[in-house]
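None of these values were measured; they are calculated from a predicted model.
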Amino acid sequence: MSNLNIFWLAFIQGFTEFLPVSSSGHLVLFAKYISSNDQGQAIDIALHIGSLIAVVLYFWNSIKKMLVALWQNKFKPNFQNKDVRLAYFIVIATIPAIIIGGALSYFGTSWTRNTKLIGYLLIIYSFLLWYADTIFKTNKNLENMSLRDAILIGLAQTLAFLPGTSRSGVTITMGRFLGYNRSEVAKFSMLLSIPSILAAGILAMYSLYQANEIAQLIMGFQAIIWSFVFSFVAILFMMKWLRTKTFLPFIIYRIILGILLLLDAYSII
């Protein structure tokens, strides 16, 4: 894979990971329609690690507060402390994704990299996000998040293993259904990406190292750097946008893209 392809993959990953438009779906589509080869799971993971670093830096103050609170409370689940509670909710909400991700890594995920599936999921989840974003009341923030809500958002995250769903999109959708305001649920969604991407990234890079795939490792590090740059810009944009705007532009984009993919998949265009 050329350095230019890695650059464009990182651009796609960076600007779609935290927008509710499905980064994995766009990466699959890039491989199908632009690149001659599927970049594979290893490069996908490297791109996500770049996004992970961007999240950690952007939300470092919140992460530092959680780490300090955990240390001061000797890592006991003291849910009376809001920072300890949020940290534990992130960990608990990640457990379903780890279980499903482990199962998929064993059984394989090639069947998910399918244009028709991506098209349908882009459209279906667009309507769910629109419904949740416009119908349900906004009266919650992260300080009054319950364990039940954290688990439900974590369960929703497992749906994102299917390209076209969007991890940020489906977790934000569930958060909006539960009554959380846009910026708060977007923040939780981004923080929720940290443990699962970190675990998957470490395993993927270790596998490449064991296989002595030095070329893949070098490409992986390039992907991480570029993805970090574009992801950080995307986070800045997303958090500023959600202070005053809705998800409607992203919903419209998803529907149009989904329709075009289905038209192509059924050889109509």
Side-chain angles (χ1 to χ4, degrees), residues 1-35 37-60 62-63 97 113 118 122 125 129 157 160-172 182-183 185-202 204-205 216-243 245 247 249-251 253-254 256-257:
M1 179 172 289
S2 70
N3 291 338
L4 184 60
N5 272 3
I6 292 176
F7 174 86
W8 285 115
L9 283 169
F11 177 85
I12 293 169
Q13 164 65 23
F15 280 100
T16 59
E17 173 65 24
F18 303 111
L19 307 181
V21 295
S22 178
S23 61
S24 58
H26 280 76
L27 292 173
V28 172
L29 297 177
F30 176 86
K32 180 177 176 63
Y33 293 107
I34 300 177
S35 177
N37 298 305
D38 190 317
Q39 67 274 5
Q41 203 71 7
I43 296 299
D44 279 359
I45 293 296
L47 294 168
H48 281 75
I49 291 175
S51 295
L52 170 65
I53 297 171
V55 174
V56 171
L57 286 180
Y58 185 87
F59 290 108
W60 176 242
S62 296
I63 293 170
R113 305 170 86 84
I118 294 171
L122 280 168
Y125 284 105
L129 177 56
Q157 182 177 225
F161 284 107
L162 297 175
T165 299
S166 170
R167 191 202 61 79
S168 62
V170 75
T171 51
I172 287 171
R182 295 185 184 96
S183 59
V185 74
K187 178 180 177 179
F188 186 74
S189 173
M190 293 179 193
L191 290 173
L192 187 57
S193 71
I194 294 174
S196 55
I197 294 176
L198 180 62
I202 291 172
M205 298 303 282
Q216 285 287 316
L217 278 172
I218 293 173
M219 285 193 294
F221 284 122
Q222 291 178 5
I224 289 171
I225 293 169
W226 282 117
S227 178
F228 159 73
V229 172
F230 293 127
S231 294
F232 196 83
V233 173
I235 295 171
L236 287 172
F237 164 77
M238 185 67 169
M239 296 307 292
K240 183 177 181 179
W241 175 273
L242 292 180
R243 292 189 187 106
K245 305 291 194 305
F247 292 104
F250 309 111
I251 293 168
Y253 170 79
R254 285 177 60 108
I256 293 173
L257 180 60

Under the side chain to side chain donor-acceptor pair (under 3.5 Å) rule, collect the residues that match up with [X], sequence neighbours excluded.
X: Thr16; answer: none
X: Thr165; answer: none
X: Ser189; answer: Thr171
X: Ser166; answer: Ser168

Specify the closest pair of heavy atoms between [X] and [Y], including all atoms of both residues, with the distance to one decimal.
X: Ser227; Y: Ala10; result: N-CB, 3.5 Å
X: Ser231; Y: Gly14; result: OG-CA, 3.3 Å
X: His26; Y: Val21; result: CE1-O, 3.1 Å
X: Ser193; Y: Met190; result: OG-O, 2.6 Å
X: Gly164; Y: Arg254; result: O-NH2, 3.0 Å

Item checked: Which residues share a side-chain contact (heavy atoms from CB on, under 4.5 Å) with Ala186, sequence neighbours left out ->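 Ala186: side-chain contact (heavy atoms from CB on, under 4.5 Å) contacts with Ile172, Met239, Leu242.
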
Check: In chain order, what residues pass the side-chain contact (heavy atoms from CB on, under 4.5 Å) check against Leu198, with sequence neighbours excluded?
Finding: Leu52, Ile202

Rounded to the nearest 0.5 Å, how far apart are [atom1] of [X] and [atom2] of [Y]?
X: Phe221; Y: Ile6; atom1: CZ; atom2: CD1; answer: 12.5 Å
X: Tyr58; Y: Ile235; atom1: OH; atom2: CD1; answer: 8.0 Å
X: Ile251; Y: Leu129; atom1: CD1; atom2: CG; answer: 4.0 Å
X: Trp226; Y: Leu9; atom1: CH2; atom2: CG; answer: 13.5 Å
X: Leu47; Y: Ile225; atom1: CG; atom2: CD1; answer: 12.0 Å
X: Leu19; Y: Phe250; atom1: CG; atom2: CZ; answer: 5.0 Å

Which salt bridge (charged side-chain N to carboxylate O under 4.0 Å, His left out) pairs, counting each pair once, include a residue from [range], with sequence neighbours left out?
range: residues 4-25; value: Glu17-Arg167
range: residues 185-201; value: none
range: residues 231-243; value: none

Item checked: Working for side chain to side chain contact (heavy atoms under 4.5 Å, CB included), residues Ile63 and Leu191 -> CA-CA 8 Å; Ile63 293 170; Leu191 290 173; 4.1 Å; yes

Notebook entry, point to check: Taking atom types as modelled, is there a side-chain donor on Ser51 or Gln13 under 3.5 Å from an acceptor on the other?
Noted result: yes

Checklist line | From CA spacing to verdict: side chain to side chain contact (heavy atoms under 4.5 Å, CB included), Leu57, Phe228 | finding: CA-CA 10 Å; Leu57 286 180; Phe228 159 73; 3.4 Å; yes

Checklist line | Phe11: ring pair (Phe, Tyr, Trp, His ring centres under 6.0 Å) partners, not counting sequence neighbours | finding: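 For Phe11 the ring pair (Phe, Tyr, Trp, His ring centres under 6.0 Å) partners, ignoring immediate neighbours, are Trp8, Phe15, Phe230.
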
Next item on the list: Could you pull out all residues at least two apart from Phe59 that satisfy ring pair (Phe, Tyr, Trp, His ring centres under 6.0 Å)?
Entry: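 Phe59: no ring pair (Phe, Tyr, Trp, His ring centres under 6.0 Å) contacts found.
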
